[in-house]
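Shown next, in structure tokens, is the structure this report addresses.
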Amino acid sequence: MPPSKQLATARPRDYDDAAATLALHDRARYTDGCAAYPVPPWAGVFLRAAACFARLVSGEDQELLAAPGDRAHLLCVAETASDGLRGSVS
């Protein structure tokens, strides 16, 4: 499962602010199960805010980036961004 499809698996506990990484999980085990990905400095502030908000709303089991009903939108944005990056690297 590509990392963009794993975005919906992130929970507040998966973001490590000190290490600037986000763990993504492959529950279907298509690849290695899970991996920690580096978070660019510009994205850290947004992930910190999302993690704080998720913890305030419902604790560590809340989805960090998308609720179940929002996943299609998150995946569409991630795939569009991924396609754009592939097209710009030549």
Side-chain angles (χ1 to χ4, degrees):
M1 179 182 298
S4 60
K5 297 221 185 288
Q6 295 174 345
L7 285 173
T9 68
R11 306 257 190 245
R13 66 179 168 268
D14 295 325
Y15 175 59
D16 184 342
D17 190 33
T21 59
L22 180 65
L24 301 179
H25 309 278
D26 184 0
R27 293 188 181 113
R29 309 274 307 158
Y30 290 116
T31 57
D32 61 357
C34 67
Y37 294 90
V39 173
W42 63 265
V45 67
F46 296 109
L47 283 173
R48 260 190 313 279
C52 288
F53 180 76
R55 286 183 187 113
L56 287 172
V57 172
S58 63
E60 291 292 325
D61 286 333
Q62 173 71 29
E63 290 84 0
L64 181 60
L65 301 173
D70 298 330
R71 290 180 179 168
H73 301 293
L74 174 67
L75 296 177
C76 180
V77 168
E79 288 299 319
T80 300
S82 179
D83 290 344
L85 288 173
R86 278 193 289 268
S88 68
V89 178
S90 42

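For clarity, every value in this text was computed on a predicted model and none was experimentally measured. We're numbering straight along the sequence, starting at 1.
A pairwise comparison of heavy atoms in L22 and A10 identifies CD1-CB, 4.0 Å as the closest pair. Counting all heavy atoms, side chain and backbone alike, T9 lies closest to H25 at OG1-N, 3.0 Å. Considering all non-hydrogen atoms of both residues, R55 and R13 come closest at NH2-N, 4.2 Å.
When hydrophobic clusters are built by joining Ile, Leu, Val, Met, Phe, Trp and Tyr residues whose side-chain heavy atoms come closer than 4.5 Å, directly or via intermediates, W42 is grouped together with V45. Y15 and F46 fall into different hydrophobic clusters, where Ile, Leu, Val, Met, Phe, Trp and Tyr residues are linked whenever their side-chain heavy atoms come under 4.5 Å apart, directly or through other members.
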